[in-house]
Amino acid sequence: MDANHSPLRHSVFRRAVPYVGAAAAVFAVCSASAAAQGTATVVGQISDRSTKLPVAGAEVVSGTDSHAAMTDSAGRFALKGLAAGRGRLVVKAVGFPVVAFDVELPAGDTLIQSIQLDSTAQGKSEAQQLPSVPITAKASLGPRYADFERRVKTGRGQYLTAEQLEQGHYSTLQEAMRTLRGVEVSCGGGGGCYIKMARAPMQCVPEYIVDDRVDDMFGPLTPVRDIQGLEVYTGPSDVPGEYAGRNAGCGVIVIWTKSGPPQQRRRP
């Protein structure tokens, strides 16, 4: 019989094939296991010690290989592929002090770590999440009233806006002025009522500035409904520099109308 066709030879060959495949599979498993044994995983949850609430957005960093992970809304995190052995974790979160601690990372295994941060600890980060505060800011009246709004911020005089005049239901300028300190309204003698500053000498009436122009004749008669802003300075120490050269000793009343000064016609 031909040796190449020996039944014994075919039998041995058929049995050898499965053993070779099994050895390759065992080698692959061992290689994967060896690779896995060199790394570790850390999973856990971060919470606030004082409130017991989860800390979202915290950063967990491995001090050994700089792997990093962020916590989700439930405070959970997962750090994978870390070098096995002794390591160090650093935790950073807004409103909490930085925390660092050593851990033993098991090769090819997962370490479950529960971390608590203290928001009341001394020396915590200055950056804190503050409660929202509604901000209300009135819109500017416009470029024409820029000087008025600038002086209102200084607080050197007394000021009334169109809104305040409307809320007071004043019928005349003199009636509105009665509410201001250091201002007197004198009536009688058939001459009607006139405004006088309490610190001013007798018969010393204030100077009126209407839309940035001196108008002592029509200024006291300005209808309240036409006033957008009102400035009142009761003495020389209150009067701003732009009006100091005028009759400041008797006080100054600055009126800003809604329509502004009449425009002059250009000559043809």
Side-chain angles (χ1 to χ4, degrees), residues 25-143 145-146 148-156 158-164 166-167 229:
V26 171
F27 176 79
V29 172
C30 291
S31 299
S33 177
Q37 288 179 357
T39 62
T41 300
V42 179
V43 298
Q45 186 179 35
I46 300 178
S47 61
D48 187 340
R49 181 178 302 167
S50 59
T51 64
K52 309 302 181 185
L53 296 175
V55 179
E59 184 180 21
V60 185
V61 182
S62 171
T64 305
D65 48 23
S66 299
H67 281 64
M70 301 290 290
T71 58
D72 60 14
S73 59
R76 297 169 299 196
F77 70 93
L79 274 175
K80 300 179 180 180
L82 303 179
R86 191 169 183 81
R88 188 171 182 82
L89 297 181
V90 181
V91 181
K92 304 176 183 178
V94 175
F96 297 89
V98 177
V99 174
F101 54 92
D102 295 329
V103 291
E104 193 68 34
L105 301 175
D109 205 347
T110 299
L111 174 67
I112 300 176
Q113 191 76 32
S114 178
I115 304 172
Q116 289 187 336
L117 304 180
D118 190 358
S119 59
T120 63
Q122 295 294 329
K124 64 183 179 181
S125 173
E126 294 295 333
Q128 302 182 37
Q129 184 175 0
L130 300 177
S132 59
V133 178
I135 300 176
T136 56
K138 295 183 179 180
S140 173
L141 298 175
Y145 306 102
F148 168 70
E149 293 177 329
R150 173 178 56 82
R151 287 190 287 267
V152 168
K153 294 179 180 180
T154 65
R156 293 180 59 181
Q158 301 179 75
Y159 307 91
L160 292 174
T161 63
E163 182 180 0
Q164 292 171 318
E166 183 178 353
Q167 292 175 351

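- Rounding to the nearest 0.5 Å gives a distance of 7.5 Å between OG1 of T161 and CD of Q167.
- To the nearest 0.5 Å, atom CG of residue D109 and atom CD of residue E104 are 12.0 Å apart.
- The shortest heavy-atom contact between A93 and V55 is CB-CG1, 4.0 Å.
- Side chains of D118 and P97 form no contact here, defined as non-hydrogen atoms less than 4.5 Å apart.
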Run the side-chain donor-acceptor check on residues 79-92: report pairs under 3.5 Å with partners two or more places apart or on a different chain.
residue, atom, partner, partner atom, Å
R88, NH1, D102, OD1, 2.8

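- Put simply, the side chain of Q45 never gets that close to the backbone of P54: no donor and acceptor are under 3.5 Å apart.
- The two residues P106 and L111 come nearest to each other via the heavy atoms CD-CB, 4.2 Å.
- With hydrogens and angles ignored, the 3.5 Å screen pairs a side-chain donor or acceptor of Y159 with a backbone N or O of R151.
- Residues forming a side chain to side chain donor-acceptor pair (under 3.5 Å) with S47 (at least two apart in sequence, or on another chain): none.
- The side-chain heavy atoms of V60 and I46, taken from C-beta on, include a pair separated by under 4.5 Å.
- Crowding of E166 atom CD: a count of heavy atoms from other residues, nucleotides or ligands under 6.0 Å not exceeding 12.
- Smallest separation of non-hydrogen atoms from L117 and F96: CB-CD2, 3.4 Å.
- With sequence neighbours excluded, the residues satisfying side-chain contact (heavy atoms from CB on, under 4.5 Å) with V43 are T41, A78, T110, I112.
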